[in-house]
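Each chain gets a letter, A, B and so on, in the order its sequence line appears, and its residues count up from 1.
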2 protein chains.
Amino acid sequence: MKPLLQVALDNNTLSDALKSANQLGDIVDVIEAGTILCLQEGMEAVRCLRALHPEKIILADTKCADAGGTVAKNCKVAGANWMTVICSATIPTMKAALKEIDDLQVELYGDWTYEHAKHWKDAGLSQVVYHQSRDALLAGETWGKKDLEKVQKLIEMGFKVSVTGGLELDTLKLFKGMNIYCFIAGRSLRDAQDPKLEGKKWQEEISKIWG
Amino acid sequence: MKPLLQVALDNNTLSDALKSANQLGDIVDVIEAGTILCLQEGMEAVRCLRALHPEKIILADTKCADAGGTVAKNCKVAGANWMTVICSATIPTMKAALKEIDDLQVELYGDWTYEHAKHWKDAGLSQVVYHQSRDALLAGETWGKKDLEKVQKLIEMGFKVSVTGGLELDTLKLFKGMNIYCFIAGRSLRDAQDPKLEGKKWQEEISKIWG
């Protein structure tokens, strides 16, 4: 299956996020209200994205660590289809969240293990996000063979695996032959000279590699 | 030193949070804009708490996992003194956040280790929050000897340790003799029949045990 494309709206203000959504919302498959945006503007950001893009999958990147039921319900009421939970959340938190919203993504940060991943699977979770941390990237780390092997292993465990962190148009081909569920990009799309054109190029590149 | 008392405003709306803050803000030492509140109302919640309680320590419970610098700066600009980071955040994320705000608390969820804790210490972090997960509590777990031992070990490592999760007035004495930095309570204070009176009782109990 062709991977989806998701834009991460990690904008600092609602107006700036809506500008990006206006440029990219029709092109991408998933519109993400980023953590920065959610913390700045609250669920009003999700409500606005839902109002402007009624047909799209909207993800609230809450990186929820606790009170999963309440946070998921709030996201759902605001109009989100999916939300994220952090990998260090407990299984009860993940299960409570999963009851309240269409789907969850587990965000992989820090020292998660395949044993943890098995517990998530057993708890009914189907999506994980393999991350290159923004701060780790700033500190000079990048995508490599060990990342691709971990992604492949998660796919083989049966997860729908999204990948994110420092992706560029030229990086997509690194994942050729892999059953990636979704590519998530933020500034590479939002800060392009022509975001709409850049989004189209990404979709074309994805179609070319996975078509 | 006498432990501080922190109220967690995990209210679902700004108005409800302000009601709780009005009842408890003068009594407690630290006012927390809870994760649920931050995600619902954004940094407007922090701005309102700062406006109404200019002299108090205000904590934004962002449980930040990434983009530490941006999130911390946003919290600081809104008026927060402290914010939280999740234990599975990378060290670069924690360091980036620490540069932008007065202080950070590391929220302990999932399978953190003392080796991780040592890395946080080496990175300049001084505060950790030992948590009983809300969802774990709902699933029947509670405070026990193993929790107290972990808290004590973190204190002996040199951390200022806050404790939270299902605390009641009667639970405080469990920590007698321990150098707890801060007790964090949410619904036990907010949902008391007389929150202000309840807050005073907690401060009296803390003074009685640690005075």
Toward chain B: residues of residues 14-33 of chain A with heavy atoms under 4.5 Å: none
Could you list the donor-acceptor pairs under 3.5 angstrom formed between side-chain atoms of residues 100-108 of chain A and any protein atom two or more places apart in sequence or on another chain?
{"from": "A:D102", "atom 1": "OD1", "to": "A:K76", "atom 2": "NZ", "distance (Å)": "2.7"}
{"from": "A:D103", "atom 1": "OD2", "to": "A:Q127", "atom 2": "NE2", "distance (Å)": "3.0"}
{"from": "A:Q105", "atom 1": "NE2", "to": "A:Q127", "atom 2": "OE1", "distance (Å)": "2.8"}
{"from": "A:E107", "atom 1": "OE1", "to": "A:H131", "atom 2": "NE2", "distance (Å)": "2.5"}

Row check, A:Y130 ring normal vs A:K150 NZ/CZ: under 6.0 Å, within 45°: no
Side chain to side chain contact (heavy atoms under 4.5 Å, CB included) between B:H119 and B:E115, worked out: CA-CA 6 Å; B:H119 291 313; B:E115 199 184 328; 4.2 Å; yes
Max heavy-atom pair count under 4.5 Å with chain B, selected residue of A:T35, A:V71, A:N12: A:N12
Residue B:E41 versus chain A: region with a heavy atom under 4.5 Å: backbone
When the side chains of residues 79-87 of chain B are checked against the rest of the protein, which donor-acceptor pairs come out under 3.5 Å, sequence neighbours left out?
{"from": "B:N81", "atom 1": "OD1", "to": "B:R50", "atom 2": "NH2", "distance (Å)": "2.6"}
{"from": "B:N81", "atom 1": "OD1", "to": "B:I58", "atom 2": "N", "distance (Å)": "2.7"}
{"from": "B:T84", "atom 1": "OG1", "to": "B:D61", "atom 2": "OD1", "distance (Å)": "2.6"}
{"from": "B:T84", "atom 1": "OG1", "to": "B:T62", "atom 2": "N", "distance (Å)": "3.2"}
{"from": "B:T84", "atom 1": "OG1", "to": "B:K63", "atom 2": "N", "distance (Å)": "2.8"}

Flag, side chain of A:T164 to backbone of A:I184, donor-acceptor distance under 3.5 Å: yes
With sequence neighbours excluded, residues passing side-chain contact (heavy atoms from CB on, under 4.5 Å) with B:D194: B:K196, B:L197
Carboxylate-amine/guanidinium proximity below 4.0 Å for A:E149 and A:K145: yes
